[in-house]
Amino acid sequence: MRRLPNWSWAGLVLVTILLFNLALTPGFFDLSLRDSRLYGSLVDVLNRAVPVGLLAIGMTLVIATGGVDLSVGAVMAVAGAVAAGLISRPAGTPFAGGSPSPALAAPVALLAALGCGLFNGVLIAVLEFQPIVATLLLMVAGRGIAQLLANGQIVTFTDPGFALLARGASFGLPNPIWIFVAAFAVFGLCLRWTALGLFVEATGSNPVAARYVGIDARAVRLTVYALSGLCAGLAGLLTAADIQAADANNAGLYLELDAILAVSVGGTALTGGRFSLFGSLIGALLMQTLTTTILTRGISPETTLVLKAMIVVAVCLLQAPKFRESVGNRFRRVPA
Amino acid sequence: MTRATLRERLPILITASILALLTLAAGLQFEGFFTLRVLTNLIADNAFLGVVAIGLTFVILTGGIDLSVGSAVGCSSIMAASLVKNAHLHPLLALAIPLLFGIVLGAFHGVLIARYELPPFLVTLAGLFLCRGIALQISQESLQIDSPFFRGLTAWSLTLPAGASLTLPALVLLLVAALAIVAARQSSYGRAVYAIGGNAVSARLMGLPVSRTLVLTYMLSGFCAALGGAVFTLYTSSGNAISGTGLELDAIAAVVIGGTLLSGGYGSPFGTLIGIAILGVVQTAITFQGTLSSWWARILVGALLLAFLLVQKTIESLARRARTA
């Protein structure tokens with residue numbers, strides 16, 4: 001019997017929700033073309049899943065090394081605050097005084113996010129802090145820094161070029177989807193065509209063995225946390241561009257948790273080792289499809305949280321070897 | 001004190017001296033900081049965080065984590081308020097039912113973690129969403145409690161000299177802290193918790209009831225979180241579903257600053273109490289200062305956390321060097 005991929009349970013739940021919608025939600029699969037752009041619930045699901053999807057890419061790598069990155073939500077807020085500050089130069093912030101520089105906004109914000117990721121990486125790889133603690137630091141302080149950068153305000157800005165990043169469309173689909181596809185392709189190719197993916201898995205599944213075969217676990221850890229910061233920065237940029245504002249308090253709030261859920265539902269074990277970027281993508285889509293389904297069916301959005309919790313527990317139980325043993329499941333064990 | 005115990009106590013001594021230094025600095029800077037009233041206010045203002053963090057300390061001592069505590073506070077607070085306001089229950093009963101909910105929630109976490117070996121991080125993350133969802137289902141608006149008995153409870157306080165007084169939330173914190181310190185040091189449950197955190201496999205081989213202790217620990221944490229919610233309800237005289245957002249992080253920060261290792265097996269509820277005091281003093285000093293914006297508190301807490309972790313690392317590596325030398 002061929003081994004089922006780790007994300008099969010998440011995929012099954014996703015298909016179930018889609019079938020449920022096909023049968024019971026009229027118009028869920030409708031697509032319409034207006035101004036050479038596709039509209040419809042499905043496009044909406046894809047578009048809204050982008051921030052969590054981007055975070056999940058970085059998070060997959062981090063989790064594959066046996067770590068976790070709690071700071072991504074706060075890093076999103078930092079990136080948003082930097083971009084908004086550079087574009088609108090509000091008084092009272094560290095950006096006040098200069099001329100508006102929208103061209104600089106995206107690169108500098110991404111650099112700031114990369115810096116945050118490197119900070120995490122140094123704490124974890126060099127100083128050997130536990131990942132939960134190290135990234136907790138930035139999770140706590142990051143929002144404070146974002147508020148400092150925005151002087152406690154919600155910095156709004158208008159820049160048509162920057163807004164195009166999140167609101168425009170190319171080839172019939174919203175730009176964020178293309179940005180995600182590009183990021184996913186770059187990461188996917190880098191991980192599978194170079195040895196990076198192998199190094200990441202080796203570091204996560206057995207650090208000692210990885211050292212004996214000459215893998216520099218420090219460099220691997222540093223890289224994955226830096227990349228996770230970068231992904232979070234990109235997600236923060238898109239969020240800020242979408243609402244044309246940087247909200248230090250609420251940008252990316254709880255998104256780190258969604259990303260972790262997406263990754264673990266997608267079949268990457270929190271203990272590290274084998275990972276599946278595609279699984280994380282399925283996980284992110286599952287979360288967003290669930291949310292959109294609930295919204296379109298007019299159920300109160302708070303139910304999403306309860307359902308999310310139940311689905312996570314269910315999928316994790318189905319993946320847990322102990323649970324399978326105890327129910328005498330005849331499925332092959334998914335390797336941890 | 002022998003050398004070994006001195007080294008063992010070094011983290012807590014360092015935490016305590018950081019607290020002393022901070023308090024001293026704040027006291028020299030601001031007039032009226034060194035009054036009993038500031039102290040009792042500090043205890044009352046941080047009571048709910050303290051109760052939550054003390055419950056969490058036991059979970060962290062076993063090497064686990066409980067991310068659901070913040071939203072359990074919100075859930076318990078809105079539940080209590082809604083039971084008084086909409087179900088017209090007696091306030092005492094309304095405050096007690098959420099405690100039961102907290103215990104059930106903790107048992108649910110504990111069984112999934114101990115019986116099916118799911119990662120605590122993920123299970124309690126699901127708990128976080130579950131509690132927040134339930135809380136928002138109950139009511140999205142803040143509910144004011146206006147029963148005469150409840151007003152009596154919030155107004156009641158133990159009068160101390162010099163115009164200071166201990167309110168009910170402050171007394172609850174002191175009681176919980178005292179019980180926790182005794183339980184951690186003197187009870188067989190406490191010893192099992194430390195043993196599991198040190199090495200779960202050896203604890204099992206020693207014949208300690210590992211699964212039972214783990215389930216009990218998550219139940220304790222759930223109970224403390226719900227109690228924190230009840231204290232919060234008393235403190236604000238209202239219930240709010242989104243209260244306690246991000247509280248889990250403050251609680252974890254307090255535990256870590258208090259010298260408990262997140263890898264488990266080392267630390268104490270007493271340390272957590274000091275950790276809470278440090279967070280409280282920072283907050284109070286910022287309030288006293290007046291011009292510093294509130295986000296500085298977050299940055300400072302982050303910086304303190306970093307400083308403390310660096311100190312812990314240094315001690316660890318020094319100890320390792322001493323052992324190998």
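Reckoned from all heavy atoms, side chains included, excluding hydrogens, waters and symmetry mates. Labels below follow one simple rule: chain letters A, B, ... track the order of the sequence lines, proteins then strands, and each chain is numbered from 1.
- Note: Met139(A) CE to Leu305(B) CG = 12.5 Å, rounded to the nearest 0.5 Å.
- Proximity to chain A involves both the backbone and the side chain of Ile299(B), based on heavy atoms less than 4.5 angstrom apart.
- Within residues 120-142 of chain B, the residues having any heavy atom closer than 4.5 Å to a heavy atom of chain A are Phe121(B), Leu122(B), Leu125(B), Ala126(B), Leu128(B), Phe129(B), Leu130(B), Arg132(B), Gly133(B), Ile134(B), Leu136(B), Gln137(B), Gln140(B), listed by residue number.
- With a 4.5 Å cut-off on non-hydrogen atoms, Thr303(A) touches chain B through its backbone and its side chain both.
- For chain A, the option among Val301(B), Leu112(B), Val256(B), Ile65(B) with the highest count of heavy-atom pairs below 4.5 Å is Leu112(B).
- Counting heavy-atom pairs closer than 4.5 Å to chain B, the top residue among Leu70(A), Ile260(A), Leu123(A), Val68(A) is Ile260(A).
- The closest side-chain heavy-atom distance from Tyr116(B) to Val313(A) is not below 4.5 Å.
- Comparing Leu261(A), Leu127(A), Leu257(A), Leu307(A) by heavy-atom pairs within less than 4.5 Å of chain B, the highest count is held by Leu257(A).
- A search for salt bridge (charged side-chain N to carboxylate O under 4.0 Å, His left out) contacts involving Glu117(B) returns Lys322(A), not counting sequence neighbours.
- Counting only residues at least two apart or in different chains, salt bridge (Lys or Arg N to Asp or Glu O under 4.0 Å) contacts with residues 255-267 of chain A comprise Asp258(A)-Lys308(A).
- Residues of residues 130-138 of chain A that come within less than 4.5 angstrom of chain B, heavy atom to heavy atom, are Gln130(A), Ile132(A), Val133(A), Leu136(A), Leu137(A) in numerical order.
- Residues Gly302(B) and Ala141(A) share a closest heavy-atom pair of CA-CB, 4.1 Å.
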